Protein chains: 2
Amino acid sequence: MKKLLNDPSDVVDEMVDGIVAAYPNRTRRLDDTKVVVRDDAPVDGKVSVVSGGGSGHEPTHAGFVGEGMLDGAAAGEVFTSPTGDELSEMIQACDGGAGVLCVVKNYEGDVMNFDTAAEMAEIEGVDMVEQVVVNDDVAVEDSTYTSGRRGVQGTIFVHKCAGALAERGAAIEEVTRVAEKVVDNVGSMGMALTSCVTPDKGEPTFDIDDDEIEIGIGIHGEPGVERTEIMEADTIAERLTTEVLDDVQPSGEVAVMVNGMGGTPLSELFVVNRRVQELLEDEGLEMWNTWVGDYMTSLDMEGCSVTVLDLDDELKDLLSAPTDAPGFKTK
Amino acid sequence: MKKLLNDPSDVVDEMVDGIVAAYPNRTRRLDDTKVVVRDDAPVDGKVSVVSGGGSGHEPTHAGFVGEGMLDGAAAGEVFTSPTGDELSEMIQACDGGAGVLCVVKNYEGDVMNFDTAAEMAEIEGVDMVEQVVVNDDVAVEDSTYTSGRRGVQGTIFVHKCAGALAERGAAIEEVTRVAEKVVDNVGSMGMALTSCVTPDKGEPTFDIDDDEIEIGIGIHGEPGVERTEIMEADTIAERLTTEVLDDVQPSGEVAVMVNGMGGTPLSELFVVNRRVQELLEDEGLEMWNTWVGDYMTSLDMEGCSVTVLDLDDELKDLLSAPTDAPGFKTK
C-alpha cells in the first residue's frame, strides 16, 4: 500500500514536527517528547485541559490545541498510548497553578498511563490533576482494548466545552463538572467500508470483502457489532443515528458530528448527513449545529461515525466560544 | 469499489441537501438547482462573490459559502461544469445591486458556461458581472480540459480575499482587482498515489501501478507531467514546492496550503508539511500561515498538493478577516 511517508517508523515524530511547523506561533513541541502544547503554556492561573492517545486519529488530538480548547496533546505511536512519562511531562508543562484536567478516551492503555502520569505529576509538584474518562461509543460494551465502552468522537465536544470554560477562568471543579456533563450527554457510533493500513505493517489491519461493511467499528479497526453486506448510505445513517439516539435520549436541541474515518470524501459524508438530519427532525429534535468532516479518524479507513450531544444553554454557550485550534471551527 | 452512497446518480443532489442541512441558518439551496447561497443573499448594496464547478472536489466550493467568503456556489455533476442556466440563476440570486464577481477555475466547460451565464444574467437585469479566471496549477501548460494552466487550490485564497473585501463594502472594481492580485501571486502543484473513483463508474478513472505515483496530476485524475516510481514524502514535497516557488518567485512572507486529495490521512499531510516548511525556510521565506487539510479534493484520490501565495499587507489583512464559511478557518 502506498503512503506519503519517509521511514514508516518516523511517521509520528515527523508528523508532530509538521503540526508545529504549520502553527508555529500558536503551538510548540516539548523537547524530547511527542507532546504539542500551546505556545504560551503554562497560562498562569488558568486551569489547563490536556488530552492524548495513540496517533493515527488526526486531527485528534493535536489539532485541537489552541486558546479555548486544549492546552496540550500527547501523541503516542500509531494506535499506541503515550507513555506515562510523556503524559506527566505534558501535565507539568501545562500546569499554571490552577489544576490540570486530563481528558482520557476509555482505552486500557490510555487510562493506565494517564493514572501513572497524574501520580508522577503530583509528586513533581502539580497540585491538582483531575481526569475525565470519555466512553461515548454506544456500539459495544467492553471491547478489544477496553473494559466498558470506547471513547471516540464525543471526546472532541469534551475538549471544546472544558477548554472554553477553562479559558474563562473557571476553577478546576467547574471545568471537570462540565467535562463530565458532556460525557453524560453524548453518544457516537461508527462503521467502516475498508480497513485502515498502519504505516509499519503496510497492509490492511483486518480483512473485509468487497461487498461487506463493519457496523460499530472501533477507531483502531477493532471489531464492531456486525459484519454485513454493503447497504445504502441512508440505511447506514439510520442504523447509526437510531442507536445513538436510543442511548443519548435527547429531548430538545442537539449538536451533531458526522465524522469521516480518514479515507472517505466529504461528498459522501454530506450524503450521510442529509439522512441523519431527516431522522433528527422525525424525532422532533432541533439541530443546533452540525460538524461534518474528519475529526477523529482511523488513518485511511473509509467509513463514518455519527455523534449526538444533548444540549443545554451552558453547553451551547461553551461550544459557541471562540478557539484558534486549527481543527475546530466554532459555529 | 464501496462508497457511502444511495443511487450513484443522486449523489450531487443529496450532497447539496446534506450541506444545507448541516448549515441551515447560514445557507440555503436555490429551488430546482444545485446552487448553495448564503441564507441572506442577496445582501443589498454589497458586491457578491460566487464560484462553481464540477462536484467531487468538496469542500470546494459550497464549503466556502458564508459571510466574508462566497455568496454562492454552483455544483455541477461530478467532474462536470454546472450549466449556464444554473450559473445565471446563482448570479441573479446573489445580485445585491453592486455587482457580482464570478471566480472561475480555468477549465473549458467552466469558462464557457460562466461566459454564457454572465450574458444571461445581464439580460435579466444584473448590472455588473465580472469574471476572474484562476490558473494556478504550475504543472502543465494546456491539459486535457484546458487551454492554458488549470485552476486548482489557489482558488480558495481568491475566494477568501475577494470575499473579505466585498464584505467590507468595496466596489466591484476593487474586489476584482484583489482577486486578480491573488491569481497573479499564487501557484500550486499536486500529485497522486491512487486514482479517484467516480460514483457512476465505480472503478478507478486511470490505472496506476502499486509502486507508481503521478506528479503534476489534475483534480479530475487527468495526466500530470510524470509517472514515476513511489518516492519518499520528503522527495515529493521537494519536487512540488520547488516547482511552485520557481513559478511564484515569492520574496517575503507567504501563505501555504498543503491540501489532501480526499483519501489521504491528515497525518501524512503533516509529514509533507514538515518538509515544505524546511524548504521555505531554506529559501529565506517567512511562513505567515499554513492551512493543512482537505480543501480541494478529487473524490477519494490519495495524494496531496502544495500551494504558495506571495503576500503583501493587503492580502494578509484579507486572509485574517473573519468568515463563517464552514470549510475555512481564519488564522
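Atoms considered below: every heavy atom in the structure, side chains included; atoms not considered: hydrogens, waters and symmetry mates. In what follows, every chain begins at residue 1, and chains take the letters A, B, ... in the order their sequences are listed. These figures come from a predicted structure and were not determined experimentally.
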Could you tell me which portion of B:Asp7 (side chain, backbone, both or neither) has an atom closer than 4.5 angstrom to a non-hydrogen atom of chain A? backbone

Where does B:Val272 contact chain A at under 4.5 Å (heavy atoms): side chain, backbone, both or neither? side chain

Relative to chain B, which segment of A:Asp324 carries a heavy atom at a distance below 4.5 Å: side chain, backbone, both, or neither? backbone

Below 4.5 Å, heavy atoms only, C-beta onward: do A:Leu4 and B:Thr264 meet side chain to side chain? yes

With only heavy atoms counted, which part of B:Pro59 is less than 4.5 Å from chain A, the side chain, the backbone, both or neither? both

I'd like to know if the side chain of B:Lys2 and the backbone of A:Thr194 have a donor-acceptor N/O pair within less than 3.5 Å. no

Counting only N and O atoms by type, is there a donor-acceptor contact under 3.5 Å from the side chain of A:Lys3 to the main-chain atoms of B:Leu193? no

Check whether B:Ser267 gets within reach of chain A through its side chain, its backbone, both or neither, counting any heavy atom under 4.5 Å. both

Do B:Leu266 and A:Asp294 have side-chain heavy atoms sitting under 4.5 Å apart? no

Taking side chain to side chain contact (heavy atoms under 4.5 Å, CB included) as the criterion, tell me which of B:Val16, B:Ile19, B:Asp17 meets it with A:Arg274. B:Asp17

For A:Phe328 versus B:Lys329, what's the shortest heavy-atom pair and its separation? O-NZ, 2.6 Å

Check each atom of B:Arg275 against the heavy atoms of chain A and say whether the ones under 4.5 Å are side chain, backbone, both or neither. neither

B:Ala325 portion near chain A, given a 4.5 angstrom heavy-atom threshold: backbone

Tell me which of these, A:Gly262, A:Ala22, A:Ala21, A:Gly56, has more heavy-atom pairs under 4.5 Å with chain B than the rest. A:Ala22

May I ask you to test the B:Asn289-A:Arg26 pair for a side-chain heavy-atom distance under 4.5 Å? yes

Would the number of heavy atoms belonging to other residues, nucleotides or ligands and lying under 6.0 Å from CG of B:Asp282 be above 12? yes

B:Thr60 portion near chain A, given a 4.5 angstrom heavy-atom threshold: neither

Using heavy-atom distances under 4.5 Å, tell me whether B:Met191 contacts chain A through its side chain, its backbone, both, or neither. side chain

If I measure from the heavy atoms of chain A, does B:Asn6 come under 4.5 Å with its side chain, its backbone, both, or neither? both

When the 4.5 angstrom heavy-atom criterion is applied to B:Asp234 and chain A, the contacting part is both

If only atom types and distance count, is the side chain of A:Asn273 paired as donor or acceptor with the main-chain N or O of B:Gly18 below 3.5 Å? yes

Go through B:Met287, B:Glu268, B:Glu232 and name the one with the most non-hydrogen pairs under 4.5 angstrom from chain A. B:Glu268

Which of B:Asp13, B:Ile230, B:Asp210 touches chain A most, by non-hydrogen pairs under 4.5 Å: B:Asp210

